[in-house]
Amino acid sequence: MTRTYSRITGTGSYLPPRRLTNADLVAELATQGVETSDDWIVERTGIRARHFADAGVSTSDLALHAARQALEAAGLEAKDIDLIVVATSTPDMVFPSAACILQNKLGIAGCPAFDVQAVCSGFVYALTVADAMIRTGTAHKALVVGAEVFSRILDFSDRTTCVLFGDGAGAVVLEASETPGILASDLHADGKHVGILCVPGQVSGGVVAGHAMLKMDGPAVFKLAVGVLEEAARATLAKAGKTEADIDWLIPHQANIRIMQSTAKRLKLSMDKVIVTVDQHGNTSAASIPLALDAGVRSGKVKKGDTLMLEGVGGGFTWGAVLLNL
Ligand code: ACO
């Protein structure tokens with residue numbers, strides 16, 4: 001009996017047109033009495049610019065652009081898709097899911113569509129879920145999207161967080177294949193760390209209760225992130241029977257260049273093997289990995305047949321990795 005695997009057959013991405021360099025953001029924050037600088041942001045994070053969606057533009061709008069590009073790259077039409085999974089922590093509304101809204105915007109109906117909420121690890125979670133559904137025959141051609149409008153949950157009076165994030169979307173088409181494709185994945189969560197990275201708000205009685213703005217203990221997240229990213233990468237390589245030397249490209253969650261440098265060093269990979277977009281996108285949470293993947297593919301660096309290690313870490317605390325052959 002032939003086994004079924006899943007394989008990425010197309011990638012796409014989208015950034016909203018409003019781009020703010022650090023200088024733009026520093027000037028805007030100064031008008032509100034919030035002091036920061038290009039030097040601090042670049043030195044501590046590697047971020048130089050980010051994109052913010054205009055008012056009225058939602059996660060599903062960004063997802064739609066990225067999804068259309070991924071479909072085109074895969075040579076498919078929306079009607080061919082039989083599963084939609086969207087990784088997001090900033091959905092259009094409490095419910096229905098951004099995935100259902102995206103499905104309607106794509107002009108299709110009937111296939112299962114749902115969101116996965118694992119914050120910045122969302123895309124590796126979503127990819128793993130879609131891979132499992134394809135391997136069991138539940139789906140054959142899936143659209144897996146990471147899309148966020150984090151600008152909506154930023155507290156612009158908190159300089160320790162508001163300079164870090166941006167908006168965007170990335171998407172892949174994942175199809176059933178006789179050859180892998182996705183080789184292995186490794187996902188984890190530890191809810192005891194909820195307090196170091198959260199948006200502690202909810203809708204109650206028609207109003208927002210709590211504080212619906214992003215709160216982060218950056219240094220605590222940083223310390224945890226470096227360790228778990230190495231562990232997840234090593235566990236994934238072991239499951240696939242591979243070593244660091246087999247990795248052509250490391251495509252990590254784009255939160256901070258220093259986290260990426262530490263992870264690469266621990267995995268004995270040179271930074272030449274790491275796709276970096278944090279400088280131009282900032283941290284786009286669940287969108288960051290598929291955005292970086294698509295940037296790598298479209299720049300010609302990441303090629304068909306390459307072995308890629310995708311890895312994410314974020315609120316929850318959640319973390320995980322996916323090793324795949326493109
Ligand atoms: N501009 C100027 N100064 C600032 C700013 C700013 N924007 N923000 C903080 N500072 C100051 C602080 O007040 C502090 O000053 P003090 O020493 O006088 O108290 C100083 O800079 C150092 O602050 P730290 O927080 O210790 O700086 P650090 O080097 O740790 O960098 C950062 C902070 C960039 C947030 C880092 O900790 C980080 O990247 N953490 C990880 C974030 C991450 O990976 N998140 C991933 C998941 S995101 C998700 O899931 C949604």
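Indexing begins at 1, ligand by ligand and atom by atom, following the structure's order.
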Tell me the protein heavy atom at minimum distance from atom 12 (C) of ligand 1, and give that distance in Å.
Arg159 NH2, 4.2 Å
Closest candidate by heavy atom, reference atom 10 (N) of ligand 1, pool Trp40, Phe165, Phe150:
Trp40
Judged on heavy-atom distance to atom 50 (O) of ligand 1, which of Ser37, Cys120, Gly122 sits nearest?
Cys120
Find all atoms of ligand 1 within a distance of less than 4.0 Å from any non-hydrogen atom belonging to [X], and give their numbers and elements.
X: Asn283; value: 48 (S)
X: Gly314; value: 47 (C), 50 (O)
X: Ile259; value: 41 (C), 44 (O)
X: Val163; value: 7 (N)
X: Ala255; value: 43 (C), 44 (O), 46 (C)
X: Val119; value: 49 (C), 50 (O), 51 (C)

Does an N or O anywhere in [X] fall below 3.5 Å from an N or O of ligand 1?
X: Gly315; result: yes
X: Arg44; result: yes
X: Asn256; result: yes

Does Arg234 pair with Asp186 as a salt bridge, N-O distance under 4.0 Å?
no
Would you check whether Ala225 reaches within less than 4.0 Å of ligand 1, judged by its heavy atoms?
no
Would you indicate whether [X], at its atom [atom1], is surrounded by more than 12 heavy atoms from other residues, nucleotides or ligands within a distance under 6.0 Å?
X: Lys215; atom1: NZ; result: no
X: Glu35; atom1: CD; result: no
X: Arg48; atom1: CZ; result: no

CH2 (Trp40) and CD1 (Ile47) are apart, to the nearest 0.5 Å, by 9.0 Å
Write down the atom of Ala98, the atom of Asp92, and the distance for their closest heavy-atom approach.
CB-OD1, 4.1 Å
Test of understanding: given a 4.0 Å heavy-atom threshold, classify the contact between Thr160 and ligand 1 as side chain, backbone, both, or neither.
both
For ligand 1, is any non-hydrogen atom under 4.0 Å from Ile41's backbone (N, CA, C, O), its side chain (CB onward), both, or neither?
neither
In the complex you have, is atom 16 (P) of ligand 1 within reach of the protein, judged by whether a heavy-atom distance drops under 4.0 Å?
no
From atom 44 (O) of ligand 1, is the closest protein heavy-atom distance below 4.0 Å?
yes
